[in-house]
Amino acid sequence: MKQFLNDRTANLQQGAIRAMFDRIYGRDNIINLGVGEPDFYTPIEIIEADYVALKKGFTHYPPNAGHLDLRDAVSRAPITDILHYDPASEIIITAGAMGALSLIFLGTLVPGDEVIVPDPTWLNYYGLITLPGGVPVSVPTYSENGFKMKAKEIEEYITDRTKIIIVNNPSNPTGAVLDEEDLIGIAEIAKKHDLLVVSDEVYNMLIYDNLRITTIAAIDGMRERTVVVNSFSKTFAMTGWRVGYAMGPAIIIGQIAKILENLYTGVTSSGQQAAKFALSRLDLVDDMRRTYQRKRNILYEGLSEIRGFSLNKPLGALYAFPDISALGISEDEFCLDLLEKKGVVCIPGGAFGSCGKGHIRLSFANSIENLNRALEKIYAYVESSY
Ligand code: PLP
């Protein structure tokens, strides 16, 4: 029989994170530090706002680009509020940040267009870029520079096919946070080579130690060449709700709203109302952020004491990314053996790109008890094995 799948689909690979989860399916006594999502349930107040919206009749098709009152609330969200995006023409509500990214790549890339991606990186960019025929081009980042993507390195990878630079700030998997100076450097390259920047800021409210963060869209001359992507998933522990958004030039937002109309019509109506309510309760985020910071400290301090581990302090997001190469074993073998012997799940860093080799990713979005138990187990495992 004919192969009905097209090559792009037939060649899609299962991500290493999912593969790791398949291994633990049905096993007891596992501590899973591989998960990339908040361990909190969505705050009850947000759930109630959804219920109220449903009872009020938010059960019909939403406008394709999203409810205007939610887009209005989004225009006033922290950090990007200084840009005063016009809710009606410059903001679209999407199925999570992934929904926004897929629309942007579908709407901008033609086969062969290159997209600059930091290495190590969040895995799904590869699939999202290659599905419409784009080519991800990895720019190395190094632990010595806190895994920050540097303008000088980016420039070496620019060709006449480069169309987009992805900025992921704060970063999954490294927890790196780019400061204004880093962003100015990247902005200069984007302007010089006439590139679009897609700025994935899904962790922008999960930053620690009172660090200040800005958006590349706020750098001089960048508003018109940046699409900011964000979502409610990480900030409000709403991963399952699938509500996200993109903000950028009206010409791009207007046209990708038409793609969305043809793909899935719009995002769950009551969920949008719950998301609007969430933005009125930033105190809920402050509570969660304080807890994450405590957990970050526990994981960071615990890992720093393990022989053969060296790591930067994660400044944002939900992950620690230690270098374990001093143990003299590949990170794949380490993760598999640790899972087998101690039941702790970590993700091998090579899954996030070649610069992730020798590292592992551990999430601190877990209970303090589990983090402490996992640290004891990793410590004991390293002491007895290397
Ligand atoms: N961008 C990054 C960097 C992520 O880590 C994730 C989820 O892990 C996403 C986007 C997807 O977010 P959403 O749940 O809003 O689609």
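First listed ligand is number 1; within each ligand, the first listed atom is number 1. One is the number of the first residue; the rest follow in order along the sequence. Since this is a predicted model, take the numbers as computed values, not measurements.
Close placement of the Tyr292 and Phe40 rings is indicated, their centers lying within 6.0 Å of each other. Between Tyr381 and Phe334, the gap from one ring centroid to the other is short of 6.0 Å.
Checked by distance only, ligand 1 and Ala97 come closer than 3.5 Å through their nitrogen or oxygen atoms. At least one N/O-N/O distance between Ser231 and ligand 1 falls below 3.5 Å.
The ring-ring contact (aromatic ring centres under 6.0 Å, His included) test with His359 singles out one residue from Phe147, Phe352, Tyr142, and that residue is Phe147.
Summary of contacts: the protein heavy atom closest to atom 1 (N) of ligand 1 is Asp200 OD2, 2.6 Å. Looking from atom 9 (C) of ligand 1 to the surrounding protein, the closest heavy atom is Trp122 CZ2, 3.3 Å. Scanning all protein heavy atoms for the shortest distance to atom 7 (C) of ligand 1 gives Lys234 NZ, 2.9 Å. In terms of protein heavy-atom proximity, atom 16 (O) of ligand 1 is nearest to Arg242 NH2, 2.7 Å.
Few gaps surround CD1 on Ile24; more than 12 heavy atoms of other groups in view lie less than 6.0 Å from it.
Side-chain contact, Thr121 with Asn168: no donor N or O sits under 3.5 Å from an acceptor N or O.
Taking every heavy atom of Met98 and a limit of under 4.0 angstrom, the matching atoms of ligand 1 come to 11 (C), 16 (O). Those atoms of ligand 1 with a heavy atom of Asn168 less than 4.0 angstrom away are 3 (C). Close approach of ligand 1 to Gly96 is summarised as follows: ligand atoms under 4.0 Å from at least one heavy atom of the residue are 15 (O), 16 (O).
A salt bridge does not link Lys191 with Asp220: none of the charged nitrogens is closer than 4.0 Å to a carboxylate oxygen. The existence of a salt bridge linking Asp72 and Arg76 is confirmed by a sub-4.0 Å separation between a basic side-chain nitrogen and an acidic carboxylate oxygen. A salt bridge does not link Asp287 with Arg281: none of the charged nitrogens is closer than 4.0 Å to a carboxylate oxygen.
Only the side chain of Ser233 comes within 4.0 Å of ligand 1, counting heavy atoms alone; its backbone N, CA, C and O stay farther away.
Residue contact check for ligand 1: Tyr203 places a non-hydrogen atom closer than 4.0 Å to it.
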